[in-house]
Structures are given as C-alpha cells and as structure tokens.
> 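Let me give you the structure first, and then I'll get to my questions.
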Amino acid sequence: MMTQYPVLADLHTHSISSGHGSSDTITQMAGRASLAGLRLMGISDHGPATRGSASPSYFSGLRLAPRKRFGVDFLYGAELNILNLKGDVDLPPRILSRLDYAIISIHPPFFTPREIPDVTGAYLSAFRHPRVRILGHIDDARFPVDFERLLREAQTAGIYPEINNGSLSPQAYREGGPENCRKILKICRDIHLPILLSSDSHGKGHVGDMGYALSLLEECRFPPSLVLNSDPALLRQMLCQP
C-alpha cells in the first residue's frame, strides 16, 4: 500500500507462547517481518493470566533472546492484563524491569468493571509498573474510558496509545473500534501525542499488517509526524527509556 505513513515497526505481536490462536514461533514471525519490510519488531506475548500463555520464567528469559533475526532488530516485551481497579498486572516488577517495554490492556474475563471512572482509574494506576509504555486497544467500548483524561495523563507519563488494526477489522471481537479510534486520533492530534500502529498479529499471518489503521489515519488526516512506526530509532528511544 502506498501511504504517507511508512510502517517500519510492529511491536504488538504474539507468538506461540501466547497460547490462544498463536501457532508460530518467534523465528517464524521474524521471517515474516523481514518479508514485510519491517526494521524493528517487538514480541509482546500475553501475560500469564491469559489461559495457555507462558509462565513468568519465559518472560524472565527473554533478555537472552537474539536481538536481530533475518535482518530485523528485535525488542521483547509483554502485553499485561490489568486485573483489578488497583491496576495490578500479571507480571511482577522484577521481571518487568528486564523487559524492553510493556503494553497494558484490559481483557475479559480478568476485569469486570464497566463504568468510565473505574476503567480509566485502573489504566492510570497501571502506569506505575516498570516498562509500561503502550496503551493497548483502549478503543474497546466494552470497557469505556475517559479518553481526554487518560491520554493527557499518558502524555505526561511518556506512554503512547496504539491504534490497533485488529480493532478496526470487520471481524473484530472488540466493540466500537472505528468510532473510538477516531476519538483517540482527534485528541492525540490536538495535544500532539504520538501514536503507535499495531497489528496485534497472533502468529505470523498479520505481522506488519496495518491496512485498516492506515486507511483511518488518512481519513482523519492524522499528522504523519505523530506516527511512531515510521522511525524505528526514535521509537526505540522513546519506549526503552529507564
């Protein structure tokens, strides 16, 4: 796809270690990333609370994993489950501190509150955990948030929202993705908060695939300068700060 938004990085992906729907190894996904023209890829397998996902020892061992595969630079993180109103997550600080980054997300059935103040507060409380750098699919209308407050607080904390390609797919299981992503993009444009495009690929099939997200950016005339995927060096610098 010819676009004013080059996609050279994809940091929200899941390998076989995530369990559900993820049948490919990191090596297989790396091969796909190379074919897709990525320069930087992140593996962010689901935290241990997700059924079938890896144990904490897997995440602890990622610090020993290769940093380059098939010519693509690699970062290793986790997609954490926010478990409760206190913002607790499913990996301890001693392990999170060894990762390159963490995504904080809400998934059923771990989190049940559905009121805007509760969900927003849980995200904000989760900011305290080491390596948290990305807000995962906050577009899900099943878990509504105060976008204005959350995004302004994220900007202060050095945390960046994703536009999740999976949320925009006609087959999306999350609700309200397109409408809410438009709201997110408007606020981010107004406050000059950079965003990250994410494939949320489970396995190699959709690595680097941002088609729906790119179409939405063009529709909303979102500034290319605020899209982190086009500059892997800057993205690494912004995410991997102490």
Side-chain angles (χ1 to χ4, degrees), residues 7-20 22 24-27 29-30 32-33 38-50 53-69 72-83 87-107 123 126-138 154 157-166 194-204 206-208 210 228-229 231-242:
V7 175
L8 302 178
D10 187 2
L11 299 189
H12 188 159
T13 69
H14 300 279
S15 76
I16 193 171
S17 295
S18 279
H20 68 286
S22 303
D24 295 311
T25 66
I26 294 176
T27 298
M29 295 174 69
R32 174 58 187 163
L38 298 182
R39 297 180 187 172
L40 180 66
M41 182 167 176
I43 299 295
S44 54
D45 283 312
H46 286 289
T50 298
S53 191
S55 68
S57 62
Y58 162 78
F59 295 95
S60 182
L62 286 174
R63 69 188 187 280
L64 304 176
R67 288 294 177 172
K68 188 177 286 287
R69 302 170 188 251
V72 179
D73 292 329
F74 266 73
L75 298 176
Y76 298 96
E79 183 180 12
L80 303 173
N81 292 291
I82 298 177
L83 302 174
D88 293 334
V89 295
D90 50 347
L91 281 175
R94 62 181 177 80
I95 292 179
L96 288 175
S97 297
R98 298 172 182 171
L99 298 177
D100 294 316
Y101 65 99
I103 302 168
I104 47 172
S105 300
I106 288 178
H107 300 96
Y123 271 111
F127 284 7
R128 73 181 187 276
H129 299 292
R131 315 310 303 161
V132 169
R133 295 290 183 270
I134 301 170
L135 286 168
H137 46 73
I138 59 171
I159 296 170
Y160 306 96
E162 69 172 7
I163 298 298
N164 190 299
N165 197 68
I195 58 100
L196 183 71
L197 305 183
S198 298
S199 71
D200 202 355
S201 186
H202 284 63
K204 67 183 181 181
H206 295 285
V207 167
M210 312 291 184
L228 293 171
N229 302 71
D231 191 338
L234 176 62
L235 177 56
R236 181 194 293 270
Q237 177 184 338
M238 295 173 76
L239 295 186
C240 297
Q241 57 186 314

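The basis for the numbers below is simple: all heavy atoms, side chains too, and nothing from hydrogens, waters or symmetry mates.
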> Tell me if the CZ atom of Arg39 is crowded by more than 12 foreign heavy atoms within 6.0 Å.
no
> Take atom CZ in Arg94; do more than 12 heavy atoms of anything else shown fall under 6.0 Å from it?
no
> First locate atom CD1 of Ile138, then atom OH of Tyr123, and finally report the distance between them rounded to the nearest 0.5 Å.
6.5 Å
> Leu8 versus Leu40: any side-chain heavy-atom pair under 4.5 Å?
no
> Quick one: are Leu239 and Tyr160 in side-chain contact, heavy atoms under 4.5 Å?
yes
> Taking the side chain from Arg131 and the backbone from Asp100, do they hold a donor-acceptor pair closer than 3.5 Å?
yes
> Report the residues that fulfil ring pair (Phe, Tyr, Trp, His ring centres under 6.0 Å) with His107, sequence neighbours left out, ordered by chain and then residue number.
His46, His137
> Taking it one step at a time, do His12 and Ile134 satisfy side-chain contact (heavy atoms from CB on, under 4.5 Å)?
CA-CA 9 Å; His12 188 159; Ile134 301 170; over 6 Å; no
> Look at the side chain of Asp24 and the backbone N and O of Gly203, then say whether any donor-acceptor pair between them is shorter than 3.5 Å.
no
> Carefully, step by step, assess Leu91 and His129 under the rule side-chain contact (heavy atoms from CB on, under 4.5 Å).
CA-CA 9 Å; Leu91 281 175; His129 299 292; over 6 Å; no
> CG of Asp90 to CD1 of Ile95: how many Å apart, nearest 0.5 Å?
10.5 Å
> Determine the minimum heavy-atom distance between Ala30 and Val72, stating which atoms define it.
O-CG2, 4.5 Å
> Measure the spacing between CG of Leu196 and CD1 of Ile159 and express it to the nearest 0.5 Å.
13.0 Å
> For Leu75 and Arg67, what are the C-alpha separation, side-chain angles and deciding distance, and is it a side-chain contact (heavy atoms from CB on, under 4.5 Å)?
CA-CA 7 Å; Leu75 298 176; Arg67 288 294 177 172; 4.0 Å; yes
> Give a yes or no on whether the backbone of Pro56 and the side-chain of Ser60 come within a donor-acceptor separation of less than 3.5 Å.
no
> Report yes or no: does Tyr76 contribute a side-chain atom to a donor-acceptor pair with the main-chain N or O of Phe59 at less than 3.5 Å?
no
> Please report the closest heavy-atom contact between Ala102 and Pro130, naming both atoms and the distance.
CB-O, 4.5 Å
> Are side-chain heavy atoms of Ser199 and Thr13 found at a separation under 4.5 Å?
yes
> Check Met41 against Ala33 and note the closest heavy-atom contact, atom names and distance.
SD-CB, 3.4 Å
> State, with a plain yes or no, whether a side-chain heavy atom of Asp45 is found less than 4.5 Å away from one of Leu62.
no
> Does the side chain of Asn165 reach to within under 4.5 Å of the side chain of Asp200, using non-hydrogen atoms?
no
> So Asp73 and Arg236, side-chain contact (heavy atoms from CB on, under 4.5 Å) or not? Walk me through it.
CA-CA 10 Å; Asp73 292 329; Arg236 181 194 293 270; 3.4 Å; yes
> Let me confirm one number: the CE-NE2 distance from Met29 to His206, rounded to the nearest 0.5 Å.
11.0 Å
> Side chains of Ile104 and Phe127: does their closest heavy-atom pair fall under 4.5 Å?
yes
> Ion pair present between Asp88 and Arg128, side-chain N to carboxylate O less than 4.0 angstrom?
yes
> Which heavy atom of Ile26 sits nearest a heavy atom of Ser15, and at what distance?
CG1-CB, 3.9 Å
> To the nearest 0.5 Å, how far apart are CD in Glu79 and OG in Ser53?
9.5 Å
> Please evaluate residues Ser55 and Ser57 with respect to the criterion side-chain hydrogen bond (donor to acceptor under 3.5 Å, both in side chains), reporting the C-alpha separation (whole Å), side-chain torsions for both, the decisive distance (0.1 Å), and the verdict.
CA-CA 5 Å; Ser55 68; Ser57 62; 2.7 Å; yes
> So do the side chains of Ser44 and Tyr101 get within less than 4.5 Å of each other, counting heavy atoms only?
yes
> On a heavy-atom basis, which atom in Pro66 and which in Phe74 lie closest, and how many Å separate them?
O-CB, 4.0 Å
> Between Asn81 and Thr50, is a side-chain hydrogen bond (donor to acceptor under 3.5 Å, both in side chains) present by the stated rule, with each step listed?
CA-CA 8 Å; Asn81 292 291; Thr50 298; 3.0 Å; yes
> Is any side-chain heavy atom of Asn229 less than 4.5 Å from a side-chain heavy atom of Leu11?
no
> Taking all heavy atoms of Leu99 and all of Ala78, pick out the closest pair and write down the distance.
CD1-CB, 3.8 Å
> As an exercise, state the distance from CD1 of Ile106 to CG of Leu80, rounded to the nearest 0.5 Å.
12.0 Å
